[in-house]
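To keep things clear, I will list the structure first and then write my remarks on it.
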Amino acid sequence: MRPGHPEALQQPYDPRRVESRWYDAWEAAGVFRPGEGGGRPFVVSIPPPNVTGSLTMGHLLGESTRDLVLRWQRMEGRETLYVPGQDHAGIATQNVVEKKLREEGRSRHDLGRDGFLAEVWAWREQYGGLILKQLRRVGASADWSRERFTLDPAYSRAVLLVFQRLYDKGLIYRGRYVVNWCPRCHTALSDEEVEHVETEGSLWYVRYPVKDSNDSVVVATTRPETMLGDTGVAVHPKDRRYAKLVGSSAVLPLVRREIPIVADDMVDPKFGTGAVKVTPAHDPNDFQTGRRHGLPELIVMDPHGVMNENASDFRGLDRFEARRRIVEALRDAGYLEKVEPHTHAVGHCSRCDTVIEPYLSWQWFVKMAPLAAPALEAARRGKVKFFPARWKKVYVNWLEGIRDWCISRQLWWGHRIPVWYRGDEVRVSLEPPAGEGWTQDEDVLDTWFSSWLWPFAILGWPEDTEDLKRFYPNSLMVTGSDIIFFWVARMVMAGIEFTGQVPFQHVYFTSILRDAQGRKMSKSLGNSPDPIEMMDRYGADAVRFTLTYLTPVGQDLLFDEKRLETGKFFANKIWNAARLVQMRLGDEDLSAVRESQLRLTLADRWILSRLAHAIKDVTRNLKTYRFSEAANTIYHFAWNEYCDWYLEMAKSRWTEAEGELPSSDRIADRRTARWVAWKVLDGILRMLHPFMPFVTEEIWQALPHDGDTLATAAWPKARKAWFDPDAEREVAFLQGVVVAVRNLRAENNIAPGRKVPVVLRGDVAQLDLLEQLAPQIVPLARIEPLTLARDGGRPRVAASAVVEGAEVFLPLEGLIDLDAERERLVREMAKLDSDLEATRKKLRNQDFLTKARVDVVDREKQRLSQLEETLDKLRRAQESLRAVEA
RNA sequence: GGGCGAUUAGCUCAGCUGGUAGAGCACUUGCUCGACAAGCAAGGGGUCACUGGUUCAAGUCCAGUAUCGCCCACCA
């Protein structure tokens, strides 16, 4: 599979050229569709974005995460399915189209219901679904043949059927209650769609005279305009202050209506004056109180929040204007006792931010408690698991205190409620009932009333489809914690209710992205970078990788565009490493090399061992949803171990010296070095593919490979034979020596290009090892010549360092800066001294010696002797330098 | 009013099962040695918010305090 592919990897890496190539190729090859085989499925679905939506950085994080898991699972051999789709998003979409109409000087009422709906569908046709196109850019491996929309005919049927079933079961009812009303969207909302904002308001104390008496009662209110709808005053039954007034009537100021004074437990005697005005039609509590005492329910506003005919002189005023006027009138008439500043939570419409008005109206509700019980049980018994786990508590708390769900919306865009009326008759059915004179309920259903069916409705429920049998329940849900109530909890409830199973086993909550100031990224704040622009500038791979790399589990992320360089540079690094390997591979078919033909050197054994560790760690971290850890592991393995050390060590093995006639040993060694370099790179590409699908595929295709595409290649396995603690220890020693030499060179200002003589001292084992490693060490540290002081002699004048007891000398009489070297030694020794003191202290502690684990004590003892030895050697180095001066 | 999270290098953050702190960026010094200057090498920089406790040993476990943030909540 090489769509329009150049022969060699070009420099520099250009994500735009490479990324555009692969998505269509994968799709055409059917990579994104589950196979027909009987493999174990792995299923995810998109949290359906609004048709009005466009990609945000938040989506990008979700997609990166979802696709990461999906691609990994695909490589693990699972039959993966990712169902994409969209949500009709009732209010949001209707708002957008209404706004457009308004700009054209029209309103939905001009068009009528059908005309308006045609307008919305047309809008959707033209502008909707942008986000799904953008998903391709990210690389999301979605199965587009299964794309769903919540207003698809089949999906709609499922929604209406669910309504009918719940109605038949007695779990849906119609009632007249005080609900959250948005005067701008002109519809009822659920409790979850209301955002409470702490607001500094006032508490007005208003005196209500008592009828036929000189007495009066003072009530406190935050919403004086609702007093016009007062039909009672309530006090606590045990409140002695007011006991004598209970049973008499108050006279409502301004309108002089007589309203009863009642006793009710709901009243908190300690708040305000202990007397509450009761407005049953405009407050949910008052509504309950009113019902208990048979108080009239008087509505004083219209659906737009404008005072209505029951508001006497204030009729026609907007509710906030009415508030000002009423306060004024009360003050003028001497009824206003006092005003106190008061902070309280004011509900706002989550869609348009308008202040919510509690409003008495006929609505449809779902009785939630019976649905919540099994959903709670499922979480408690671990049938649904949350990552991070702490969300379980949030979920449980919400379900335990769940309230009935208001599902009717006074909108047109959505699933129209399948209820028909004729006189007093009510029918619930998907089709219009037979006979004349039936009219359908005008309202539509809450968008979430369709979304909660998503995991099974997308698979064809209620039909018993093949997809449903095969891909339900889903495996994983990746989403934001902000919709845990709206969506996640409800899906669990619906899943259990309608399919008898939880809809997914695991829920992974992504981080919330914030800007540099810590504010949530949002459209209205305009603080979210444009994801498409980010991908243009850094590449989709880079954005995917960086977001994953940066995002610790369950923590918010302060996002700064500059961070995307991490991923961009990493992609470039991998790209260049691949170029190096490709250039040096020769024409040998490495995939045909048998491992028995290999002669692994220490460096080879080391990098294979490191690879095995990396594979093991990455796999484990993916399994436990520790994605940033997994990304970190690959990053450091690829960059710091493979590129910085292994490739550097291998370079000398795959080029021959000038005029050299390669022996068969050299040929075998070269083949081994090439094979290992390729094999490890191949492992890196496989591990990295779920994070950076495009660049890894491009490279993989340019290198020897088996199979058509990396996307379906096998996830690497950590071979037991590769784990090699000896090689790791020995290479660590080598690295120590090389770093020491480099350090001495740098400290003594020796030009990097200049070769330096180095003398190494140590015990026999160390010298044997160093001899073996010499061909690696020499080029890495630019040494000429390297002397192993088997005779034990030490240079007279030298810069020196100690590595695991072995001594490294740069015998550079006349070249080294003696003063600088002395200072360096003093610094070094001071540090050792303090380490030594800490270790000694520990080992003097009897408790430590007797109570700590043996291996810990041993390690301390070893540390002590090593520190002492090192210090001793440095001291001798110091002495010999002193001798030079003398 | 409840619940949750955070507090570690100048900045943004890692640190999973307790054993004397890591990354990236930024900073300093030096590098056109044919993969990579989107790079290489070397280096400086931290009383891990505070106070107690458990432990031989605490950034890591427990309790409390402070500050910041988020979610939930019908005191009008």
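Quick caveat, the model's predicted, so the values are computed rather than measured. Proteins get letters first, then strands, A, B, ... in listed order; numbering begins at 1 in each.
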Please measure how far the [atom1] atom in [N] lies from the corresponding atom in [M], and state the result in whole Å.
N     : M     : atom1 : answer
B:A21 : B:A58 : C1'   : 13 Å
B:A9  : B:G43 : C1'   : 14 Å
B:C27 : B:G44 : C1'   : 8 Å
B:G64 : B:G5  : P     : 13 Å
B:G19 : B:G2  : C1'   : 39 Å
B:U60 : B:U8  : P     : 13 Å
B:G69 : B:C61 : C1'   : 25 Å
B:A38 : B:G24 : C1'   : 14 Å

Using a heavy-atom cut-off of under 4.0 Å over every strand shown, decide if [X] touches base, sugar-phosphate, or nothing.
X        : value
A:Asp560 : nothing
A:Lys277 : nothing
A:Arg863 : base
A:Val394 : nothing

Ignoring backbone atoms, establish whether [X] has a side-chain N or O less than 4.0 Å from OP1 or OP2 of [N].
X        : N     : result
A:Arg844 : B:C56 : no
A:His344 : B:C74 : no
A:Lys393 : B:C4  : yes
A:Arg782 : B:A41 : no
A:Trp654 : B:G34 : no
A:Asn743 : B:G43 : yes

**Report entry** A:Glu629 and A:Arg620 ion-paired at < 4.0 Å
**Finding:**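 Between A:Arg620 and A:Glu629 there is no salt bridge, as every charged N stays at least 4.0 Å from the carboxylate O atoms.
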For [X] and [N], what is the distance between atoms [atom1] and [atom2] respectively, to the nearest whole Å?
X        : N     : atom1 : atom2 : answer
A:Leu547 : B:U12 : CG    : C1'   : 14 Å
A:Lys568 : B:A38 : NZ    : C1'   : 7 Å
A:Asn632 : B:C13 : CG    : P     : 15 Å
A:Arg742 : B:A42 : CZ    : P     : 5 Å
A:Lys755 : B:C33 : NZ    : P     : 14 Å
A:Phe485 : B:G3  : CZ    : P     : 15 Å
A:Glu860 : B:U20 : CD    : P     : 7 Å
A:Glu648 : B:C31 : CD    : C1'   : 14 Å

If you check every side-chain atom of [X], which of [options] has the closest atom?
X        : options             : answer
A:Lys573 : B:G39, B:A76, B:G19 : B:G39
A:Thr222 : B:G39, B:A76, B:U20 : B:A76
A:Cys643 : B:A35, B:C40, B:G19 : B:A35
A:Val276 : B:C40, B:A76, B:G3  : B:A76
A:Pro752 : B:A35, B:G15, B:C31 : B:C31
A:Arg853 : B:A76, B:G15, B:G19 : B:G19
A:Arg584 : B:G30, B:A35, B:A76 : B:A35
A:Lys562 : B:G15, B:C25, B:A76 : B:C25
A:Leu580 : B:A35, B:A76, B:A41 : B:A35
A:Arg514 : B:C16, B:C4, B:C70  : B:C70

Is the base of [N] touched by the side chain of [X] through a donor-acceptor pair closer than 3.5 angstrom?
X        : N     : result
A:Lys651 : B:A35 : yes
A:Arg563 : B:C25 : no
A:Asp847 : B:C56 : no

Query raised in the report: Can the ring centroids of A:Phe387 and A:Tyr508 be said to lie less than 6.0 angstrom from one another?
Result: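 No.
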Report task. Report the C-alpha separation of A:Arg844 and A:Glu837 in whole Å, then their side-chain angles, then the decisive distance to 0.1 Å, and conclude whether the salt bridge (Lys or Arg N to Asp or Glu O under 4.0 Å) test is met. Result -> CA-CA 10 Å; A:Arg844 278 197 301 265; A:Glu837 192 35 54; 3.3 Å; yes
Query raised in the report: Between A:Asp536 and A:Arg16, is a salt bridge (Lys or Arg N to Asp or Glu O under 4.0 Å) present by the stated rule, with each step listed?
Result: CA-CA 7 Å; A:Asp536 284 343; A:Arg16 267 176 300 187; 5.9 Å; no
